[in-house]
*Asks:* 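For reference, the structure I am asking about is given below.
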Amino acid sequence: MSKEVISDIQAICLIILFISGGALALPTGAAAGSDLWLAILMALILAIPLYMVYARLLSLYPGKDLFDILEDIFGRFFGKALGLIFIWFTFHLGVLVLRDQGEFLITLSLPETPMIVPIILVTLLCIWIVKAGMETMGRWANLFVILDAPIPTIVILMLIPQMDLSNIQPVLYDGIRSFLKGTLEALVFPFGDVVVFLMIFFALKPRDSKKSIFIKGLLWGGLLIAGVSLAEILVLGEDLYLSTYYPNHNVAGKVSIGELLQRLEVIAVVATLTSFFLKVSVCLLAVSNGMSKIFGFKDYKILATPIALLMCNFSCFIFDSTIYKFRWLMETTTYYFLPYQIILPIIILIFAQIKKRNNGRSVKKENKSV
Amino acid sequence: MFILVILGYLIVGTIEMIPLYKENRKKELIIYSIFFTAAFIISLLLSLDVKIPSPTKPIENIVNKVLGK
């Protein structure tokens, strides 16, 4: 199989769409109350060193992904065991996003439809795009970022007449503690989810600067999320924002310019669904790539279908109700995903650096002795 | 309902597994069929309205215990 390559622009587009995937529709950093826009900006700043860690890991091993790196550092057995942990978290993330997508559609637009229908349709599309390969996904992201990034921006601009600055004042009224909690929430979702890209960026060109790819994607995606959240809280106010499950949809419905431009939530739904789809398919690609690495296959496309079907099944029974899901997302996900997104990559990077340095020393010694 | 599930899985299985069988890739075929059978069993149980225990509750309990809540 010839090696797949994606350009750096495509990689940046993938990261932008991935970050905006869940966070465009769902509230993030809700613990910070009316300061959540500030919490998201703070999380953006904190995410920069985190992304440096990811970029450093990838540039230490050009052309390889996380599973190769783990096997190289920890040996065959422990490397595969750690890989399985990463696979489980990625699988769970994909399941959660798939469930979000199905619930989003049936709560807002198609209340009579059973939830399995949108989930199955998106699962089939995801299988298709993963079978088509990484290059196709990159080109798809490059095309759809033109659709998905401007729509929320235009909606924000149209909402300016209805914004009320008193909704965010006074700043930091709830105290620094809840602000920090909101920052942590925003750091884990959506910014920390990008750890999935460690598992699929085997396709980058070896000479591309990983750092600039990650940071550019983070800045564009993060500013988009922060801007949308700021507009939402300015229009809705804290109480209404926290009581709705999908604030972006509510806000887009409030657009009304000269009795002519109204009810833009349909366009917002299109933007949200496409980015949800990309997030699920990136997770699916990562899981099937990891599974095929663990079992020693050459091609990751073989296992895409059964894993996608498993994801589809899990997303049907993983939560009993929407309300329980939102409570779980608020209370548990932050601490559940924390080790996988932040702690484990840092530990792996430390081990990788030590190993590289030792290798460098032994090479130098050999040179000297020769 | 469960007839539809069986039919769907039959179609997907024949499309995907026959090329693997023809190319004689034994290992891939075995792993593939393990995952595929797991998905099929869960789907069948879901279509028969059997309640499957969700991993959400145990995860919540573990996280709360670690945090000391």
Side-chain angles (χ1 to χ4, degrees), chain A residues 87-89 91-92 95-96 99 114-117 119-120 123-124 127-128 131 287-288 291-321 324-340 343, chain B:
Chain A
I87 285 173
W88 164 252
F89 278 106
F91 181 79
H92 201 165
V95 168
L96 289 179
R99 172 83 182 200
M115 196 177 59
I116 186 79
V117 176
I119 289 181
I120 285 184
T123 312
L124 290 178
I127 296 174
W128 189 3
K131 293 249 170 197
V287 174
S288 43
M291 274 295 173
S292 51
K293 281 268 161 62
I294 279 182
F295 291 114
F297 302 162
K298 284 197 183 74
D299 192 358
Y300 61 82
K301 290 166 191 167
I302 296 169
L303 286 175
T305 317
I307 288 169
L309 291 172
L310 269 180
M311 266 189 186
C312 176
N313 286 329
F314 263 73
S315 65
C316 289
F317 70 81
I318 195 155
F319 292 117
D320 300 334
S321 64
Y324 178 58
K325 188 195 86 174
F326 272 93
R327 208 190 53 142
W328 198 82
L329 288 183
M330 292 270 180
E331 289 173 2
T332 316
T333 31
T334 311
Y335 306 105
Y336 174 55
F337 281 120
L338 199 65
Y340 147 73
I343 300 172
Chain B
M1 188 66 195
F2 67 95
I3 297 174
L4 274 180
V5 171
I6 295 172
L7 211 73
Y9 274 83
L10 263 181
I11 294 170
V12 175
T14 40
I15 292 173
E16 292 249 305
M17 279 192 203
I18 285 179
L20 283 181
Y21 182 72
K22 275 185 182 161
E23 288 169 30
N24 208 7
R25 292 151 84 175
K26 279 249 174 69
K27 198 178 161 195
E28 275 100 330
L29 195 63
I30 292 169
I31 305 285
Y32 185 98
S33 41
I34 290 172
F35 279 109
F36 196 75
T37 323
F40 175 63
I41 290 170
I42 297 175
S43 287
L44 206 60
L45 290 177
L46 280 175
S47 69
L48 293 171
D49 280 337
V50 180
K51 203 154 169 50
I52 301 169
S54 149
T56 315
K57 271 274 170 207
I59 288 171
E60 196 180 351
N61 291 340
I62 292 170
V63 169
N64 284 343
K65 258 182 199 155
V66 170
L67 288 176
K69 268 185 193 169

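Numbered from 1 within each chain, the chains take letters A, B, ... in sequence-line order. When reading the values below, keep in mind they use all heavy atoms of this one structure, side chains included, and skip hydrogens, waters and symmetry mates.
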*Asks:* Measuring heavy-atom distances to chain A, does B:Leu46 have an atom under 4.5 Å in its side chain, in its backbone, in both, or in neither?
*Replies:* side chain

*Asks:* Determine whether a donor-acceptor pair (N or O, by modelled atom type, separation under 3.5 Å) exists between the side chain of A:Asn313 and the backbone of B:Ala39.
*Replies:* yes

*Asks:* Please flag which part of B:Pro53 lies under 4.5 Å from any non-hydrogen atom of chain A: side chain, backbone, both or neither.
*Replies:* backbone

*Asks:* Which region of B:Val66, side chain (C-beta onward) or backbone (N, CA, C, O), has a non-hydrogen atom less than 4.5 Å from a non-hydrogen atom of chain A, or is it both or neither?
*Replies:* neither

*Asks:* Heavy-atom cut-off 4.5 Å, strictly under: side chain, backbone, both or neither for B:Glu60 against chain A?
*Replies:* both

*Asks:* For chain B, find which of A:Phe319, A:Tyr336, A:Tyr335, A:Trp328 contributes the most heavy-atom pairs closer than 4.5 angstrom.
*Replies:* A:Trp328

*Asks:* Side chain, backbone, both or neither: which part of A:Met311 has a heavy atom under 4.5 Å from chain B?
*Replies:* neither

*Asks:* Closer than 3.5 angstrom, by distance alone: can the side chain of A:Lys131 be matched with the main-chain N or O of A:Lys301 as a donor-acceptor pair?
*Replies:* yes

*Asks:* Sort B:Leu45 into side chain, backbone, both or neither according to what part of it lies under 4.5 angstrom from a heavy atom of chain A.
*Replies:* neither

*Asks:* When you measure from the side chain of A:Arg99 to the backbone of A:Ser315, do you find a donor-acceptor pair of N or O atoms at a distance under 3.5 Å?
*Replies:* yes

*Asks:* In terms of heavy-atom pairs under 4.5 Å with chain B, which of A:Thr305, A:Thr333, A:Ile307 leads?
*Replies:* A:Thr305

*Asks:* Donor-acceptor check, side chain of B:Ser54 to backbone of A:Ile318, threshold 3.5 angstrom: yes or no?
*Replies:* yes

*Asks:* Pick one of side chain, backbone, both or neither for B:Ile34, based on which atoms fall under 4.5 Å of a heavy atom in chain A.
*Replies:* neither

*Asks:* Between B:Lys57 and A:Asp320, is there a side-chain N and carboxylate O pair less than 4.0 Å apart?
*Replies:* no

*Asks:* Check B:Phe2, B:Phe35, B:Tyr9 against B:Phe40 for a ring pair (Phe, Tyr, Trp, His ring centres under 6.0 Å) and give me the one that passes.
*Replies:* B:Tyr9

*Asks:* Say whether, by atom type as modelled, one donor and one acceptor occur between the side chain of B:Lys27 and the main chain of A:Gly296 under 3.5 angstrom.
*Replies:* no

